[in-house]
Number of protein chains: 2
Amino acid sequence: MDEVRWLDATEQEAWRAYLDTTRLLIQTLGRQLETDAGISFTDYELLVHLSEAPERRMRMRDLADATLATRSGVTRAVTRLERAGWVRRVECEDDRRGMHAELTDAGMAKLEKAAPGHVAAVREQMFDLLSSREVEQLHALCARMRKHLEAGR
Amino acid sequence: MDEVRWLDATEQEAWRAYLDTTRLLIQTLGRQLETDAGISFTDYELLVHLSEAPERRMRMRDLADATLATRSGVTRAVTRLERAGWVRRVECEDDRRGMHAELTDAGMAKLEKAAPGHVAAVREQMFDLLSSREVEQLHALCARMRKHLEAGR
DNA sequence: TGCAAGTCGTTGACACTTCAACGATCCGAT
DNA sequence: ATCGGATCGTTGAAGTGTCAACGACTTGCA
């Protein structure tokens, strides 16, 4: 039965600032994409992952890992995106259980149309406010946390 | 028609690291609270805000601002928490439209029971991995971003 | 004082996500 | 070769969040 090591005032402030900032940022980016491009942040990111994959296609499972969502979440997202015409399902040759989600030309076009506004918003709300030194520091610290978080999963 | 200032490789890496880390962190903390204390991260935070307020009560609207949720979101959360016995609604004296959400003794007890594990998890996944210098830097940079985000509503 | 405009909390409708369970399929040890 | 245990993607059920609209109430201005 160890003592609890509470957060001191500095840590608490940092924690709240981090939490609030992140939420505001994600809300803001989501709203920007929604109103300017008519796509949700989640769907946008899924398309980004596909666009960066070889042949613009990924296994459902890998898509789940990449987006940090569940398999069922990806199933439904892909259904949604398929209905919009931005993604198509392609059966897997080497694994008959498997499915690929493949970015269509329309999906790529959608992405190219949405990206500039999104990147501008990310810049405006984040990178334009940070020195390159701060970006490095943030990156380092996040990478360290991510490694730890992934280990304990 | 301005040129798009894309993110360079360093910025992209930092951006992904930040996004993934944040999601993993929130998922992990949520899971910890859910399994060890039987409460969601959202509900936990709402209770924390109440516990820090004078008389352990807040107007619904203020609660919405504090938690960065919508008024309707708070309405439903409070209904949920009221059903669990952790919060009670109290009518407002000076504004007959108004409602207070007030932390009950049971709610305070719940909070005191859940807090140690939560704080330990926050330490383990975050503050134990950061030097105090890094905490300061993160705080500074988040505060700057938050201010900017709040300005743009 | 009276009234238009705004704010408060709630609700219905809907969107998105997760969990648990499922049938189908793959794989490794025997 | 087979068989038990894993993995794959999907589905139903349930939970949680948002938006738009509402009635109730307050506020500011003429």
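Numbered from 1 within each chain, the chains take letters A, B, ... in sequence-line order.
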Answer yes if the side chains of B/Arg144 and A/Thr21 hold a donor-acceptor pair under 3.5 Å, and no otherwise.
no
note: A/Arg71, atom CZ; C/dT17, atom C1'; distance rounded to Å ~ 15 Å
Give the rounded distance in Å between these two atoms: CZ of B/Arg76 and P of D/dT16.
12 Å
Within residues 23-41 of chain B, find the residues that approach DNA chain C with a heavy atom at under 4.0 Å, and present them sorted by residue number.
B/Arg31
From B/Tyr44 atom OH to B/Trp86 atom CH2, the distance as rounded to the nearest 0.5 Å
12.5 Å
Would you say that B/Arg59 contacts B/Met99 through its side chain, given a criterion of any heavy-atom pair below 4.5 Å between the two side chains?
no
Test side chain to side chain contact (heavy atoms under 4.5 Å, CB included) applied to A/Leu138 and A/Met126, step by step:
CA-CA 11 Å; A/Leu138 180 65; A/Met126 185 155 181; 3.4 Å; yes
Stretch residues 51-60 of chain B: residues that reach within less than 4.0 Å of DNA chain C through a heavy atom
B/Arg59, B/Met60
Minimum heavy-atom separation for B/Leu46 to B/Ala77, with atom names?
CD1-CB, 3.8 Å
Is there a donor-acceptor contact under 3.5 Å linking the side chains of A/Thr79 and A/Arg89?
yes
From CG of B/Leu46 across to C1' of D/dT16 the rounded distance in Å is 13 Å
Does one hydrophobic cluster hold both A/Met145 and B/Ile26, with members joined at side-chain heavy-atom distances below 4.5 Å?
yes
With heavy atoms under 4.0 Å as the rule, sort B/Arg61 into base, sugar-phosphate or nothing.
sugar-phosphate
Check: A/Gln125/B/His148 side-chain N/O donor and acceptor closer than 3.5 Å
yes
Of the nucleotides C/dC19, D/dC8, D/dT18, which has the atom closest to the B/Thr70 side chain?
D/dT18
Atom pair distance, as rounded to whole Å: OH in A/Tyr44 and P in C/dC16:
18 Å
Heavy atoms only: give me the nearest A/Glu11-A/Leu7 pair and the separation to one decimal.
OE1-CA, 3.4 Å
Identify, residue by residue, the members of residues 77-102 of chain A with a heavy atom below 4.0 Å from DNA chain C, and return them in order of residue number, or none.
A/Arg80, A/Asp95, A/Arg96, A/Arg97
Do A/His139 and B/Tyr18 make the cut of ring centroids closer than 6.0 angstrom?
no
Out of curiosity, A/Asp20 CG to B/Leu68 CG, how far, rounded to the nearest 0.5 Å?
5.0 Å
Quick check: on DNA chain D, is the nucleotide nearest B/Thr42 upstream (toward 5') of the one nearest A/Gly73, or the reverse? Name the residue that is more 5'.
A/Gly73
